[in-house]
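Read the structure below first, then the notes.
Below, read A as the first sequence line, B as the second, and so on, with proteins coming before strands; counting in each chain starts at 1. Bear in mind that the values here come from a model prediction, so they are computed numbers and not experimental data.
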2 protein chains.
Amino acid sequence: MIKNFKIIVEYDGTQYAGWQRQKESLTIQGEIEKAISKMTDQHVTLHGSGRTDAGVHALGQVANFSCDTRLTPDIFFKGLNSILPNDIVIKSCEQKDERFHARFSAKSKIYNYRILNQILPSAINRNYIWFINKKLHYDAMHEATDHIIGSHDFKSFENTGSPRNSTIRNVISAKFLEKESNLLVFEIEANGFLKFMVRNLVGTLVYVGLQKITPDEFKQILLSKNRKLAAPTAPPQGLFLMQVKY
Amino acid sequence: MIKNFKIIVEYDGTQYAGWQRQKESLTIQGEIEKAISKMTDQHVTLHGSGRTDAGVHALGQVANFSCDTRLTPDIFFKGLNSILPNDIVIKSCEQKDERFHARFSAKSKIYNYRILNQILPSAINRNYIWFINKKLHYDAMHEATDHIIGSHDFKSFENTGSPRNSTIRNVISAKFLEKESNLLVFEIEANGFLKFMVRNLVGTLVYVGLQKITPDEFKQILLSKNRKLAAPTAPPQGLFLMQVKY
C-alpha cells in the first residue's frame, strides 16, 4: 500500500552542504533519504518544504515521502532517529493523504535570524549566530523592518539561481523578538521566500543598524527592485527555519 | 621585563582532548601556548585554574602565563584572538603581579551542568547538554542537592587519577537554577573539585531524579566515601566551567 508520510525535522546545518541532495557532498535530504531507503529497501524521494543552504539550521523543517510499505509512522519515527546522525532529529512522523506535499501544500514559513551584537565573539555559539562587534542601532532596524511587511516585489533581496515565476512575496510578519542580553533575533513569516531573501534582508537591516543607510533608504532599496543596491548577504549560520504552516 | 598575564578564556570543548597539553592531541592549553609562542618567540607555559576534560566547555576558564616581553595586555588580547581558532576566545587579558597564579590563587570555582529532559534529543544543542528522555523528578533532585552543601569528604564522587592531598572539599553552593522549558541547569560552587566530581555528582543526582535512589540514599552515598556506590559519571558535554574567583 502506498503511504505518504510527513516528517518534521530539526538539524544542525554546520556540517552539511545544505538541504538538497548532491552527489559528492553530505546533505540533509541525502542523509534522510538514505535512512528511509535502509528501512524500506526502496529508493525513496524526500520532498522538503524548501531548500536550506549550507550552514543554515532548522528546528521545524517539513518534508514528505511516499512509499509502498507496511511500516507505521511510529516505526519510521523511531527507526529514522536511530539510523540518522545526531545532528539530524526527526521530531515527528505522521501519515497524510496522498495530496499532502511539503512544498506545494505549505501556506507560510517562519524563519529566525540570530545576531550576536557584542564586543567579543562567542566560542560556544559561533555556529549559530552572526557575530557583529560594531554597535547596532536597534531602533532604526525596528523601523526599517516595518517596510517589509505586506505584499512586495522582493527582487532587491533575491540572489539569482532558483527558478521562480514571480518575485512578489507576502510577508505576514517581520519583527525583532525581545532582546535577550546581546542576542538580537529577527523573525519573519511569509507565504514564500526567494533565494537568500532572509539573509539579504538581514544584511541590509544590519546596514541600517550600522547607520550606513537610513530606514527610509531601506524602503527605497526595496522599491528599487535592484539587488545591487542592497547589502551583502548575511552569513548562513545565523539562520533557522523554525516552522512551516499548512 | 618579566610580566605575568591573567587571561579569561571561553572555549567550546567539542573538538578538543581537554584542557591539558598533550603531544599527539589537540588541546586548549596547547593551542593557546602555541599562539602565545607565536607572538613572543618564546616557549611559554600557560597555567590553567584547573584541567577540563575532553568535551567539557568553559565560559570563564582562567589561566596565567609569564614571559619577558614588551607586549601589553591589550596586544595579547587582540593578537591571541586573531591567531586562535574561533572555538577558543580570549575574553580578557590583564597584567597581574608575579604572585598571581591561576590555580594556586583561586578561591573558588563555579561549574554549570546542563541537562535536557524531554522526549526528543536536540540536534542543535547535542554538544552542550546531557540529553535524558526519561522523566526526572526535580523535587527529589533538589532535595538531594542540599546534602552536598558544606564541607564534606567527596571521595564517593572522585575518579582516581589525579594527585591530591585530601578528598575534602567545601561546597559553597549547589542548586538547580530556574528551569527554562526542559533545560535543567545544576550550578555548583566549591573551593576546589576532585577529578570528575561534578559529573559524578550529576550522574548520581540523575539517579535520584530517575527514582533509582532516594535523596536520603544519596546522602548515604556521600557519607560512605565509596565511589562504587555512586552512579556512573555524567557525560562531559553538559559541563561548563563558568567562573573562577580569586
Side-chain angles (χ1 to χ4, degrees), chain A residues 7-16 19 28 31-32 35 52 55-61 74 77-78 80-93 112 114 116 118-131 133 180-183 185 235 237-242, chain B residues 7-16 19 28 31-32 35 52 55-61 74 77-78 80-93 112 114 116 118-131 133 180-183 185 235 237-242:
Chain A
I7 56 174
I8 299 180
V9 192
E10 174 179 334
Y11 49 84
D12 180 335
T14 307
Q15 308 292 339
Y16 293 91
W19 169 266
I28 319 287
E31 290 302 295
I32 302 176
T52 56
V56 173
H57 314 291
L59 289 175
Q61 170 69 292
D74 194 52
F77 172 69
K78 288 174 180 154
L80 292 177
N81 277 324
S82 75
I83 295 169
L84 285 164
N86 64 2
D87 52 5
I88 302 177
V89 172
I90 307 298
K91 297 174 91 169
S92 71
C93 179
N112 277 2
R114 292 154 48 99
L116 186 69
Q118 60 186 30
I119 304 290
L120 281 169
S122 164
I124 302 289
N125 292 306
R126 70 197 183 286
N127 293 325
Y128 311 102
I129 47 107
W130 182 14
F131 165 62
N133 68 357
E180 178 198 305
S181 63
N182 300 319
L183 184 69
V185 181
Q237 77 278 1
L239 188 60
F240 289 72
L241 173 53
M242 302 300 287
Chain B
I7 56 174
I8 299 179
V9 192
E10 174 180 334
Y11 49 85
D12 180 335
T14 308
Q15 308 291 338
Y16 294 90
W19 170 266
I28 318 287
E31 288 303 295
I32 302 175
T52 56
V56 172
H57 314 290
L59 288 175
Q61 169 70 292
D74 194 52
F77 172 69
K78 287 174 181 154
L80 293 177
N81 277 323
S82 74
I83 294 169
L84 285 165
N86 64 2
D87 51 7
I88 302 176
V89 172
I90 307 299
K91 296 174 92 168
S92 71
C93 179
N112 278 1
R114 294 155 46 98
L116 187 68
Q118 59 186 30
I119 303 291
L120 280 170
S122 163
I124 301 290
N125 291 307
R126 70 195 183 288
N127 293 326
Y128 311 103
I129 48 107
W130 182 14
F131 165 61
N133 68 357
E180 179 197 304
S181 63
N182 300 319
L183 184 69
V185 181
Q237 77 279 359
L239 187 60
F240 289 72
L241 173 54
M242 302 300 286

* **chain A contact via B:S92 - which portion, at a heavy-atom distance below 4.5 Å** =>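 For B:S92, there is no contact with chain A at all, as no heavy atom is under 4.5 Å.
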* Asked: Is it true that atom CD of A:Q15 has more than 12 heavy atoms of other residues, nucleotides or ligands lying nearer than 6.0 Å?
  ->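 No, not enclosed.
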To the nearest 0.5 Å, what is the distance between [atom1] ([X]) and [atom2] ([Y])?
X	Y	atom1	atom2	result
B:F240	A:I124	CZ	CD1	4.5 Å
B:F77	A:L120	CZ	CG	4.5 Å
B:I119	A:K91	CD1	NZ	13.5 Å
A:D87	B:N127	CG	CG	8.5 Å

* Asked: Which atom names give the shortest non-hydrogen contact between B:A123 and A:E10, and what distance separates them?
  ->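 That closest heavy-atom pairing would be N-OE2, 2.8 Å.
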* Asked: Checking A:T14 against chain B: side chain, backbone, both or neither under 4.5 Å from a heavy atom?
  ->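 Neither part.
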